[in-house]
Amino acid sequence: MLETRAYAATDPRSPLGPFSLHRREPGPHDVQIEIDWCGVCHSDLHQARNEWGGATYPMVPGHEIAGRVARVGAAVTKLRPGDLAGVGCFVDSCRACEPCRRSEEQYCERHTAFTYSSTEMDGVTVTQGGYSTRIVVDENYALRLSDALPLEVQAPLLCAGITTWSPLRKWKVGPGQRVGVVGLGGLGHMAVKLAASLGAEVTLLSGSPQKRADAHRLGAHEFILSSDARALAVRERTFDFVIDTVSADHPIEPFVKLLRTDGTLVLVGAPEKPLALPAMAILLRRRSVSGSLIGGIRETQEVLDHCAAHKIGADVEVIRIEQINEAYERLLKSDVRYRFVIDIGSLRG
Ligand code: NAP
Ligand code: ZN
Ligand code: ZN
C-alpha cells in the first residue's frame, strides 16, 4: 500500500483538514500518477457538505487531477513513466453495458466508480480524490495531457472543460448559431471559450456586472445582466442553445424564453434544490430542457486534444492546500477568476 498525504472533509459542517490515505500498489493494468495540480470544482463543495445526499466520510474531494506517471503495471500500453497524465470524474465502470461500449462511462448502467465519495467496482472500496499527492488508476480511465500548455490550466478541462464540451458537441453547436451561457464560474468560463472556439456567437448571462469585461476577453460577443429584464425581453426567441452552469437555486424561465422554436436549454449546474420548470415557456415553442453529466473517456480526450491544438486553457487562481476552505467560501460568493487550482506541492510540505 502507498501511504499518501491528503486533505479530507470529515463531516458536512467541519472545514477540510490534513488526512492520510492508502493507495493500492499498481496492478498490471494500473498507472500510478504523482499529482501536481488539482482543480476545485463547485461539485467538491456540494459533496463535502453533503448537499446532494449520499456523501461518505472521510472524503478527499478533487476530480480535476493533473500530474506525471511514476509507475505503470506490466500490461499497460497507453502511458509510460514520465508522461503527463490526468484523471477526471470517474475511475472505473462496468465496461460491458451499452453506454460503456459507446465510451459514455458516466452513464454506465451498472455502476460508475466516481473519483471520490463513491466505491470501486467491488462496491466496497471507497474512492478518494485528487486533494492528495498520488492516485492509482486503471490505464483506460487515465487521460493523456499535453506539453503544449501548462499543466495547471489543463487540470480544469477534466471536469469543467468536458462538462461543457459534451453538450456543445451533442447539440452540434457551431458557426452561425447563437449560444447563451448562464453563469461565469469554472464551468461557465470554459463554456464561453469552447463555444467560441467552435465558431458560435456567444452571449454571457451573468448576475455579476463586474464580470462584463472578462466575459468579452474570454470570447463572449455579448454580455447581459441576468437581472436586466428589458435586455432579456429584446433577445427572446433568438437563441439556438443555452447552457446553464449556475450552482444555486434560480429561475430558468427567462433563459428558456431566449430560445427559438425547438431550441434547447441544457442544465449542467446541479443546485441542491429542484428548479421550477416553466411549462408554458417550454411547450409554446416546442423547446427542450435537458441535462448533461460530465463526459466519457473518449470525449474527454477529445476536448483535451482540442484545447491543446487551439491553446485553450482554464483561467486559474493557484492556491495552496491550506487555502481550500477559504476557496470554498469564495465559490459561494461567485468570487473565482475562474477556477481555483491547488498546487499539490503545498501538500508534500
Ligand atoms: P462556480 O465556479 O462556483 O460557478 C457558478 C456560477 O454560477 C457563479 O460564478 C455565478 O456566476 C453563478 N451563480 C452562483 N450562485 C448564483 C445564484 N444564487 N444565482 C445566480 N447565479 C449564481 O461553479 P462550477 O464549478 O462552475 O459549477 C457550477 C455547477 O455545475 C455546480 O452546481 C456544480 O456542481 C455543477 N457541475 C455539474 C457537472 C455535470 O456533470 N453536470 C460537472 C461539474 C460541475 P455569475 O457571477 O456569472 O452569475
Ligand atoms: Zn466537477
Ligand atoms: Zn457500464
Side-chain angles (χ1 to χ4, degrees), residues 38-49 51-52 61-65 88-90 92-116 121 129-130 155-167 181-192 204-212 214-215 218 220 223-227 243-252 254-255 266-273 275 290-296 300 314-317 327-340:
C38 186
V40 178
C41 181
H42 205 114
S43 303
D44 298 348
L45 188 163
H46 287 306
Q47 293 189 84
R49 299 187 179 179
E51 291 175 3
W52 298 337
H63 56 209
E64 292 182 342
I65 300 169
C89 298
F90 53 87
D92 212 341
S93 67
C94 88
R95 311 177 190 207
C97 72
E98 267 280 297
C100 279
R101 283 193 308 227
R102 288 200 299 269
S103 193
E104 292 189 330
E105 300 88 349
Q106 74 277 28
Y107 302 124
C108 177
E109 286 164 6
R110 302 203 174 88
H111 175 63
T112 304
F114 289 100
T115 303
Y116 63 85
M121 299 312 286
L157 305 177
L158 291 155
C159 177
I162 180 57
T163 300
T164 50
W165 177 256
S166 186
V181 175
V182 188
L184 192 60
L187 267 58
H189 97 291
M190 287 313 308
V192 170
L204 196 276
L205 301 133
S206 171
S208 306
Q210 71 279 13
K211 294 182 182 173
R212 180 185 295 269
D214 280 349
L218 294 164
F223 177 96
I224 298 179
L225 206 53
S226 318
S227 56
I243 180 166
D244 184 334
T245 74
V246 172
S247 52
D249 191 19
H250 65 291
I252 62 167
F255 309 121
V266 171
L267 294 167
V268 289
E272 184 177 2
K273 299 203 177 73
L275 300 174
S290 187
S292 187
L293 180 72
I294 45 177
T300 305
D315 284 28
V316 306
E317 269 193 64
Y328 279 8
E329 292 311 311
R330 284 185 53 195
L331 281 184
L332 290 173
K333 292 186 221 144
S334 305
D335 175 24
V336 54
R337 305 279 163 115
Y338 278 90
R339 196 56 139 187
F340 294 117

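These numbers were taken from a predicted model, which means no experiment stands behind them. Just so you know, ligand 1 is whichever comes first in the structure, and atom 1 is the first atom listed for that ligand.
Not one N or O on the side chain of Trp165 forms a donor-acceptor pair closer than 3.5 Å with the backbone of Gly295. Put simply, the side chain of Tyr107 gets close to the backbone of Leu293: a donor and an acceptor are under 3.5 Å apart. No donor-acceptor pair under 3.5 Å is formed between the side chain of Ser206 and the backbone N or O of Gly183. For Gln106 (side chain) and Gly296 (main-chain N/O), a donor-acceptor pair under 3.5 Å exists by modelled atom type.
Considering only non-hydrogen protein atoms, atom 27 (O) of ligand 1 sits nearest to His42 CB, 3.4 Å. Counting only heavy atoms of the protein, atom 11 (O) of ligand 1 lies nearest to Leu184 N, 3.1 Å. In terms of protein heavy atoms, atom 40 (O) of ligand 1 is closest to Ile294 N, 2.7 Å. Closest to atom 48 (O) of ligand 1 among all protein heavy atoms lies Gly207 N, 2.9 Å. Protein heavy atom closest to atom 10 (C) of ligand 1, with residue, atom name and distance, is Ser334 OG, 3.4 Å. For atom 4 (O) of ligand 1, the closest heavy atom belonging to the protein is Gly185 CA, 3.3 Å. Protein heavy atom at the shortest distance from atom 2 (O) of ligand 1 is Gly186 N, 2.9 Å. Counting protein heavy atoms only, atom 33 (C) of ligand 1 is closest to Ser43 OG, 3.4 Å.
Against a heavy-atom cut-off of under 4.0 Å, Gly183 is close to the following atoms of ligand 1: 11 (O), 47 (O). Of all the atoms in ligand 1, the ones that sit under 4.0 Å from a non-hydrogen atom of Arg339 are 24 (P), 25 (O). Per-residue contacts place Lys211 under 4.0 angstrom from the following atoms of ligand 1 (heavy atoms of the residue considered): 9 (O), 11 (O), 45 (P), 46 (O), 47 (O). Those atoms of ligand 1 with a heavy atom of His46 less than 4.0 angstrom away are 31 (C), 32 (O), 33 (C), 34 (O). When each atom of ligand 1 is checked for a heavy atom of Thr163 under 4.0 Å away, the hits are 38 (C), 39 (C), 40 (O), 41 (N), 42 (C). Close contacts between ligand 1 and Val246 involve ligand atoms 7 (O), 13 (N), 16 (C), 20 (C), 21 (N), 22 (C) [criterion: under 4.0 Å to a heavy atom]. The ligand atoms of ligand 1 that sit less than 4.0 angstrom from a heavy atom of Cys159 are 42 (C), 43 (C). The ligand atoms of ligand 1 that sit less than 4.0 angstrom from a heavy atom of Trp52 are 34 (O).
In terms of heavy-atom proximity, Gly130 sits nearest to Cys38 at O-CB, 3.4 Å. Pairing each heavy atom of His189 with each of Ala314, the nearest pair is NE2-CA, 3.5 Å. For Glu51 against Leu45, the heavy-atom pair with the smallest separation is OE2-CD2, 3.9 Å. Taking each heavy atom of Cys159 and Cys41 in turn, the nearest pair found is SG-SG, 4.0 Å. Contact detail for Val181 and Leu204: the closest heavy-atom pair is O-CD2, 3.4 Å. When all heavy atoms of Thr115 and Gly62 are compared, the pair lying nearest together is CG2-O, 3.7 Å.
When distances to the Zn ion (ligand 3) are checked against a cut-off of 2.8 Å, His111 contributes no N, O or S atom below that limit.
With rounding to the nearest 0.5 angstrom, the CG atom of Leu157 is 10.0 Å from the OG1 atom of Thr300.
To the nearest 10 degrees, the angle centred on the Zn ion (ligand 3) between SG in Cys108 and SG in Cys100 reads 110°. If you put the vertex on the Zn ion (ligand 3), SG of Cys97 and SG of Cys94 sit 110° apart, to the nearest 10°.
Considering only heavy atoms from C-beta on, His46 comes within 4.5 Å of Ser247 through its side chain. Taking 4.5 Å as the limit, some side-chain heavy atom of Glu317 sits within range of a side-chain heavy atom of Arg330. At a threshold of 4.5 Å between non-hydrogen side-chain atoms, the residues Tyr328 and Pro61 count as touching.
If you check each of Ala191, Pro251, Ala248, Ser206 against atom 45 (P) of ligand 1, the one with the closest non-hydrogen atom is Ser206. Compare Gly88, Ala270, Ser208 by their heavy atoms: the one nearest to atom 46 (O) of ligand 1 is in Ser208. Looking at Leu187, Thr245, Val268 and measuring to atom 28 (C) of ligand 1, the nearest heavy atom belongs to Thr245.
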Query - Glu64 and Arg339: CA distance, side-chain angles, deciding distance, side-chain contact (heavy atoms from CB on, under 4.5 Å) verdict - result: CA-CA 11 Å; Glu64 292 182 342; Arg339 196 56 139 187; 2.8 Å; yes
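Under 4.0 Å from ligand 1, not a single heavy atom of Ala160 appears.
For a threshold of 3.5 Å applied to N or O pairs, the pair formed by Val336 and ligand 1 contains no separation below that value. Inclusion of Cys41 in the set of residues having an N or O under 3.5 Å from an N or O of ligand 1 is not warranted.
For the Zn ion (ligand 2), the set of protein N/O/S atoms nearer than 2.8 Å consists of Cys41 SG, His63 NE2, Cys159 SG, ordered by chain and number.
Using the six-membered ring where Trp is involved, Phe255 and His250 have ring planes that are tilted, between 30° and 60° apart.
Taking the charged nitrogens against the carboxylate oxygens, Glu329 and Lys333 have no contact shorter than 4.0 Å, which rules out a salt bridge.
For the side chain to side chain contact (heavy atoms under 4.5 Å, CB included) with Ser290, the lone residue among Leu267, Val266, Val268 that qualifies is Val266.
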